[in-house]
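All chains are named by letter (A, B, ...) in the order of the sequence lines, taking the proteins before the strands, and each is independently numbered beginning at 1.
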Amino acid sequence: MTLPAQLRQVSSTIWELPVSFKEGMLVPVRIIASEPLLATMEAGVFDQAANVACLPGIVKYSYCMPDGHWGYGFPIGGVAAMNPATGVISPGGIGFDINCGMRLVLTNLTEQEVRPRLHKLVDLMFERIPTGVGCKGFVKCTRSEFRHVLEKGSRWCLEKGYATHDDLKMTEEQGSFSGADASTCSERAIERGVDQIGTLGSGNHYCEIQVARPENIFDQETARAFGITIPNQVVIMFHCGSRGLGHQVATDYLQTFLRVMTKKYGITVRDRELACAPFRSPEGQEYFSAMKCAVNMGFANRQVILHRLREVFSQVFRRSPEDLGMDMVYDVAHNTAKLETHRVDGKEKELLVHRKGATRSLGPHAPGLPACYKETGQPVIIGGSMETGSYLLAGNGGASDTFFTTAHGSGRTMSRHQAKKMTKGQKLLGEMEQRGIYVRTDSYGGLAEEAGFAYKDIDVVTAATEMADLSRRVVKLVPIGNIKG
DNA sequence: ATGTGC
């Protein structure tokens, strides 16, 4: 595709569109990418990032990460920091799946120990962790109890025996965003979410058994600090979010914002999908609270899935989760908005940072890091396609430019429809099995949509984040077992 | 992404 004529190369990994690119732009666009990745980006990405640059209160740049692609309103991979006093909050800058995120869990097992029981393990995971559209979890929860989940996140899990103190320590914001008031979530949102705690969902959500092969370790010292200490160590990575609850919250407030944005607040946007409200307005604050509830649902969801995983491994290997070393490396969200303090033009400022398909990436010594990661920087978990593997990285100081943010995944290269035309789920499953990856899925059609060829090369994406100094590669993790929605 | 969209 032809790049916009006004796109200017700032460095080997920074590409800038000036405010003259589009009428109404308040700040320039900055695309962070290597040249080959930039060439694969759709025209829509530049257009959408430029639309975001027009949003009231945006500070510094409208960013797009190296895995950026076309999304709802904002590009996926979009990062926008707003001045909270003058700026807006926009659901399109967070995504429908609020607190979609990644969790990585250690074991002290090796691939050699797991292989003989892999089928049993994956089958039991598939049985115990509900997958697919509309799936329900095992946690029986009244609506009023569910409101506690929304207000407390992982802290609720700790109270109910689904979490350890260490789990909370190893979760972004300790698995609980403060200021979540469940009364800002509609009854419909609560209805959709109440029986979905501990469920994986569908689409690109998965739970994977992976191996850290010695030849895939990029940074031995940091790998050790993150708990990767044994050759061919088995780890578990999973990807899911806040399910129906987050989706309904996004839907509800998009509607509200469309109603009040122009009429009440006089804001016009370049695209209806950028519906927003002033952050300090009643509507903006209500959405911010409901979004936090969805964030907490996302953390609780992943925490209960971890609880089930511990039971499954315990049953198959006849050892306790402690004995199996099933400790968390980290849990990090990639669809949120957060009030954070950042240094802008030499001054500390509080900003509302939208990250949509973009991962927080704190560098060494950043406040908010668990003590054990002070020297290494934050573990960053980037999921690739189910065929090609995923990465554990570490946050770098250089990410301060992007408000401490890096990429989140591979990014699709083709539509789900197109991918489904190119292969059949059952055929793919057989091919993967031959290559030593055992997969169970709720939907063969859904599996075909997630084929490796439908995604950008994760090696290229993570290399670009390293070149741009946003995060550095620690270890590539390759799949041997996978359950999918 | 989503009790899947026209």
Side-chain angles (χ1 to χ4, degrees), chain A residues 48 67-78 90-103 129-137 141 143 146 185-207 238-255 272-273 275 287 290-291 293-302 305 332-337 354-359 383 385-386 408-412 414-420 425 441-450 454-455 483-485:
Chain A
Q48 290 191 319
D67 52 336
H69 54 115
W70 185 86
Y72 182 92
F74 281 57
I76 294 161
S90 175
I94 293 153
F96 273 86
D97 190 10
I98 299 164
N99 192 7
C100 189
M102 307 291 306
R103 184 172 287 215
I129 301 164
T131 59
V133 180
C135 62
K136 293 179 189 340
C141 196
R143 281 163 176 258
F146 188 57
C185 296
S186 67
E187 282 302 316
R188 199 171 178 196
I190 288 174
E191 171 68 32
R192 285 181 68 175
V194 68
D195 52 10
Q196 293 189 321
I197 305 167
T199 63
L200 208 49
S202 65
N204 63 357
H205 289 167
Y206 61 82
C207 178
F238 54 101
H239 176 220
C240 62
S242 54
R243 310 280 288 107
L245 176 110
H247 190 270
Q248 193 60 47
V249 165
T251 305
D252 289 341
Y253 282 92
L254 277 166
Q255 269 184 11
R272 273 172 61 87
E273 295 182 355
Y287 169 65
M291 185 218 71
C293 289
V295 165
N296 289 339
M297 166 60 183
F299 285 136
N301 190 26
R302 293 198 287 275
I305 289 174
V332 65
H334 49 234
N335 282 6
T336 63
H354 295 74
R355 294 189 180 91
K356 192 228 195 125
T359 312
S385 84
M386 61 182 182
H408 88 301
S410 293
R412 298 194 75 88
M414 65 179 75
S415 70
R416 294 182 168 278
H417 182 74
Q418 215 176 338
K420 239 198 289 211
T441 180
D442 180 69
S443 152
Y444 287 111
L447 190 74
E449 293 175 355
E450 296 302 315
Y455 282 91
I483 64 169
K484 288 205 53 59

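If you check every strand for non-hydrogen atoms under 4.0 Å, A:G95 touches nothing. When heavy atoms are screened at a 4.0 angstrom cut-off, A:S242 is found touching no nucleic acid atom at all. Residue-level contact check: A:G241 touches neither bases nor backbone, having no heavy atom under 4.0 Å from any strand.
The side chain of A:T251 contributes no N or O atom lying less than 4.0 Å from OP1 or OP2 of B:dT2.
Rounded to an integer number of Å, the gap from A:F96 CZ to B:dG5 P is 10 Å. Going from atom NE2 of A:H205 over to atom P of B:dT4 covers 16 Å, rounded to whole Å. Remark: P of B:dT2 and CG of A:D252 are 16 Å apart, rounded to the nearest angstrom. The distance from atom CD of A:Q255 to atom P of B:dT2 is 19 Å, rounded to the nearest whole Å. Between the CZ atom of A:R416 and the C1' atom of B:dT2 there is a distance of 11 Å, rounded to whole Å. In this structure, A:N301 atom CG and B:dT2 atom P are separated by 10 Å, rounded to whole Å. Nucleotide B:dT4 holds its P atom 11 Å from the CD atom of A:Q196, rounded to whole Å. Atom NZ of A:K136 and atom C1' of B:dT2 are 14 Å apart (whole Å).
Between A:Y253 and A:Y287, the two ring planes are tilted [angle within 30° to 60°].
Judged by distance alone, the side chains of A:S186 and A:D252 do bring a donor and an acceptor atom under 3.5 Å apart.
For the atom pair A:H354 NE2 and A:T336 OG1, the distance stands at 9.5 Å (nearest 0.5 Å).
In A:R143, the CZ atom is crowded: over 12 heavy atoms of neighbouring residues, nucleotides or ligands sit closer than 6.0 Å.
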